[in-house]
Amino acid sequence: MSAKSSAPQSQAPEAGGAAGGTSPADAWWRSAVMYQVYPRSFADGNGDGEGDLLGLRERLPYLADLGVDGLWISPWFPSPMADGGYDVSDFRDIHPMFGTLADADAVLRESHDLGLRVIIDLVPNHTSDQHPWFLAALAGGPQAPERARYFFRDGRGDSGELPPNNWISAFGGPAWTRVTEPDGSPGQWYLHLFAPEQPDLDWTNHEVLEDFDEVLRFWFDRGVDGLRIDAAPAMSKKAGLPDADYGGVLQFRTVDWDDNPHWDVETVHDIFRRWRAIADTYDGDRVFVAEAVVSTAERLSNYLRPDEMHTAFNFPYLKGPWEAGALREVIDATLDSFTPRGIPSTWVLTSHDETRPVTRYGRKTTSSYFITDGEGEVPDLALGTRRARAAAMLMLALPGGAYIYQGEELGLPNVDDLPDEVLQDPMFLRSGGQMRGRDGCRVPLPWSGQEPPFGFSPQGVRPWLPQPAGWRELTVEAESADPASMLQLHRAALRLRRELPGLHETGLTWRDSPEGVLDLERGTALRCVVNLSRSPYALGSEAVLLSSSPLEDGALPVDAAAWLHVG
Ligand code: GLC
């Protein structure tokens, strides 16, 4: 591969204040490593088998010690949990399962005391079907003004028996559900791009807009450093709700969609401009992170204009295969599109929605464009783990921010053999078992001990999803005692990332390298080499700072990465 300097260094706007939609070049979020907490599965402080904020508070020192810069906490709001908390029934409170607002305040305070930033997850495309707004809309009948906050429409067909259009739901089946009116008659239909328990809000409605302004202020006032905006491209719909052209593929593959009437519709950007103006009235660089799976890097960068959101998850990077050419292509495409605009990238390998990397990289098909891709293949977990170690080192060497999903630092595999009866993902339920869904990456963390619940809950308590007995080798306790563990690799990489000079700069320089080898320089001291070829790669004389697998006679083995000291 030929040498090339990707996009110019440090194009970020000048330091000097956030007002007016710019942010300082050294703002924290430009290079932060954020740790995703899925609260139900992180740590159970009150002993009921479900993770909670007490458990999170007790483990904050673990996160500080790991060396991350902050946390992104998946939804902690009251929710019937029809979609793992992404069905919110009150945006201004905490789910009793997790604790209280006072506990949330304590999480914020104690995180900040440890130097950790906190981003929370806002889910604005939809509410729960148990949200008071939706209950009022149902109870009020077809003429109820409350229906205007959602998309209630009459059906097609002679007696309204067909959905208003052909839109599909992310979890399978149509995006419309018909209601029974208060008088018992079959009535209107309402739109839900996700589960039926998640009715979509109509963002052209002023009450919706104004109420969420207050939701933003509510959390910014409490001290959150930012908001992750769930399903951002879903929030605007084309006027008139015209049929979509899915090209004959009735799956929610949003990367393939152009000019879709319910995804990435231009008017969505007005909402983010409005929100940015609110965030910019606060001190301390409050940020928005977009969850936006759209068709091109160009389309994604629209969400990151100076008066919209700050950063976005890099899904093309997350979903791509373990192949040198593909990785280099997505790294270059990202930087070429973002850096000239002063936007830092984030790099991410997984989340609560994805197959865990040690499983995915141990499959024949290492890409995962859709959750079901590769499902059913038996993974080679030793191979997957080698690759996941190397992938972590590559990710943490790249310019910009990064996300680590809880348990990724332990090298947990996906739990693909959970019994059907414990599965809770609406994807499993809605697809009639065709898609197993995402529970396998949400199994509670193993902290210590020799058997379940591995310190997640007190001994004798059963966690909400069963943990495999084999996780005794993957507990925080076991890995802390093993210098070669995935956990120690993460700790070392994160420490070096803080210590090495110049890593907050944007841009990287590719060195010449043979086919299958990625060789790049960052800052003034770091060279990262990743060997995705079929034979060991000789490294030369630079001092090795860290490697994902032991070197063999000075050569980097296949599926390994090394950080070297240059300069
Ligand atoms: C996002 C979340 C996912 C959720 C969906 C609907 O993609 O990450 O977990 O199911 O939005 O809110």
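All ligand and atom numbering here is 1-based and tracks the order in the structure.
Heavy-atom contacts of His126 reach the following atoms of ligand 1: 6 (C), 12 (O) (cutoff under 4.0 Å). Residue Arg438 has at least one heavy-atom neighbour below 4.0 Å for each of these atoms of ligand 1: 3 (C), 4 (C), 9 (O), 10 (O). Annotation for ligand 1: atoms under 4.0 Å from non-hydrogen atoms of Phe171 are 10 (O).
The protein non-hydrogen atom at the shortest distance from atom 9 (O) of ligand 1 is Asp353 OD1, 2.7 Å. Nearest protein neighbour of atom 10 (O) of ligand 1, counting heavy atoms only, is Asp83 OD2, 2.6 Å. Among protein heavy atoms, the minimum distance from atom 7 (O) of ligand 1 is reached at Glu291 OE2, 2.8 Å. Among all non-hydrogen protein atoms, the one lying nearest atom 12 (O) of ligand 1 is Asp230 OD2, 2.8 Å.
For the pair Arg153 and Trp189, the cation does not sit on the ring face, since its NZ or CZ is not both under 6.0 Å from the ring centre and inside 45° of the axis. Arg59 forms a cation-pi arrangement with Trp447, by the criterion of a distance under 6.0 Å to the ring centre and an angle within 45° of the ring axis. Both tests hold for Arg147 against Phe152: distance to the six-membered ring centre under 6.0 Å, angle to the ring axis within 45°.
Using the six-membered ring where Trp is involved, Phe313 and Tyr403 have ring planes that are tilted, between 30° and 60° apart.
At a heavy-atom distance under 4.0 Å, no atom of His192 approaches ligand 1. Under 4.0 angstrom from ligand 1, there are no non-hydrogen atoms of Phe313.
In the model, Asn314 has a side-chain atom that pairs as donor or acceptor with a side-chain atom of Ser345 under 3.5 Å. Of the N and O atoms on the side chains of Tyr86 and Asp353, not one donor lies less than 3.5 Å from an acceptor on the other residue.
Not a single heavy atom of Met427 sits less than 4.0 Å from an atom of ligand 1.
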Steps toward ring-ring contact (aromatic ring centres under 6.0 Å, His included) verdict (Trp176, Phe151):
CA-CA 9 Å; Trp176 295 91; Phe151 293 95; 7.5 Å; no

